[in-house]
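Just so we're on the same page: letters track the sequence lines, and every chain starts at 1. The analysis underlying the following values was restricted to heavy atoms, covering all of them including side chains, and did not include hydrogens, waters or symmetry mates.
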2 protein chains.
Amino acid sequence: MTDKQKASEAARERLRAVGLRPTRQRLALAKLLFAGPHRHVSAEQLHGEALRKKVRVSLATVYNTLHQFTEAGILRELVIDPGRSYFDTNVTHHHHFFFEGSTRLRDIPGEGVEVKRLPAAPEGTEVARVDVIIRLKDSPKRRKRSS
Amino acid sequence: MTDKQKASEAARERLRAVGLRPTRQRLALAKLLFAGPHRHVSAEQLHGEALRKKVRVSLATVYNTLHQFTEAGILRELVIDPGRSYFDTNVTHHHHFFFEGSTRLRDIPGEGVEVKRLPAAPEGTEVARVDVIIRLKDSPKRRKRSS
DNA sequence: CAACTAATTTAGAATTATTCTAAAAAATAT
DNA sequence: ATATTTTTTAGAATAATTCTAAATTAGTTG
Ligand SMILES: [Mn+2]
Ligand SMILES: [Mn+2]
Ligand SMILES: [Zn+2]
Ligand SMILES: [Zn+2]
């Protein structure tokens with residue numbers, strides 16, 4: 001079996017597992033998202049990729065699909081940048097480096113950070129998720145000695 | 001001296017300290033933001049409050065002012081909710097509870113959370129800020145015993 | 001398969017938050 | 001006062017996202 005076929009199988013199986021019909025669009029998007037290593041994509045980015053690969057799919061469907069995948073638990077939505085959401089194919093416990101001024105995100109393994117002494121969730125609520133975002137800026141090459 | 005006068009003085013002094021001209025609009029917004037206890041506001045919210053208090057100010061000026069205050073270090077911008085920024089009058093080190101499905105934020109004192117074993121910032125970058133967001137959901141009243 | 005029903009996709013309009021533009025107004029400096 | 005610089009503003013523009021309602025497609029049943 002070719003790699004392409006394997007990716008198709010995997011995508012089909014993934015949709016079946018979460019109870020979503022394996023439509024042409026969803027299969028194509030699932031392949032783009034889950035074929036290679038983990039990634040962080042915006043809706044526009046993914047839509048662009050699909051079009052480049054000659055997969056005809058509307059932007060509305062990309063949004064619908066990303067939200068369906070998120071609800072199904074095979075994607076995770078990240079809010080990090082004002083005015084744009086990212087979707088993360090890595091739904092295991094982990095945190096993020098964010099390079100300010102860019103759109104780049106890098107994973108930090110879940111064991112790589114410990115969040116200690118979390119206060120209890122307020123009465124009537126429970127913790128849905130803990131997000132740690134480490135915002136990075138370029139470090140100045142070298143500080144001039146002050147005059 | 002009345003409380004009102006004291007708030008005006010304080011606002012004027014705050015603007016002077018960061019080198020922003022004490023215009024009518026900036027003074028009014030500074031009073032709304034910094035008079036009482038710490039708060040988390042969106043631009044629209046603050047604009048609404050100003051209008052209710054008969055302070056005539058445009059929404060564009062509210063945005064300009066919030067960004068200027070942020071650059072000056074007397075506000076901090078929080079990205080938590082897709083499609084809307086909050087501005088935090090508490091610029092000391094602290095983290096947040098966020099009540100999903102609402103727009104409510106609650107501070108967690110900086111000492112209340114410890115982030116341990118942070119990996120080093122990648123080469124050429126340095127940590128600008130570490131944000132910890134604890135996303136809360138309503139806890140179910142009581143789970144029915146499974147049948 | 002054919003017919004049916006329910007789910008999905010889509011184009012395009014609408015909405016929302018935010019930013020931009022360029023002209024008027026206000027603040028400061030001379 | 002006059003001049004210079006900064007600020008404000010209305011309104012247009014932009015960008016991401018959501019909505020609507022009609023067309024298409026998938027799964028199901030006879
Ligand atoms: Mn969403
Ligand atoms: Mn901003
Ligand atoms: Zn990630
Ligand atoms: Zn806060």
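- Contact check, H67(B) against dT19(C): a side-chain N or O comes under 4.0 Å of OP1 or OP2.
- Annotation: cation-pi geometry not satisfied between R104(A) and F98(A) (NZ/CZ under 6.0 angstrom from ring centroid, within 45° of ring axis).
- Counting any heavy atom pair closer than 4.0 Å across all strands shown, T61(B) reaches a base atom.
- Atom-to-atom, CD of E77(A) to P of dA16(D) comes out at 15 Å; the value is rounded to the nearest Å.
- Rounded to whole angstrom, the span from the NE2 atom of H47(A) across to the C1' atom of dT9(C) amounts to 12 Å.
- For the pair D131(B) and R76(B), the salt-bridge criterion is met [side-chain N within less than 4.0 Å of a carboxylate O].
- We find that CD of Q45(B) is positioned 15 Å from C1' of dT16(C), with the value rounded to whole Å.
- When the nearest nucleotides of DNA chain C are assigned to V62(A) and R84(B) by heavy-atom distance, the more 5′-ward of the two goes with V62(A).
- Closest approach to the S85(A) side chain among dT10(C), dT17(D), dT9(D) is made by dT17(D) (side chain taken as heavy atoms from C-beta onward).
- In this structure, R106(B) is not positioned above the aromatic face of F99(B) in the sense of NZ or CZ being under 6.0 Å from the six-membered ring centre and within 45° of the axis.
- Between I80(B) atom CD1 and dA17(C) atom P the separation is 16 Å, expressed in whole Å.
- Mapped onto DNA chain D by nearest heavy atom, Q25(A) and N64(A) fall at different nucleotides, with N64(A) at the one closer to the 5' end.
- Computed from coordinates, the Y63(A) OH to dT18(D) C1' distance equals 9 Å when rounded to whole Å.
- Separating the OH atom of Y86(B) from the P atom of dA17(C) is a distance of 10 Å, rounded to the nearest angstrom.
- One can place CZ of R21(A) at 6 Å from P of dG27(D), the figure rounded to the nearest angstrom.
- Spacing between atom CD of Q68(A) and atom P of dT18(D) amounts to 12 Å, rounded to whole angstrom units.
- Heavy atoms from other residues, nucleotides or ligands lying under 6.0 Å from CD of E13(A) number more than 12.
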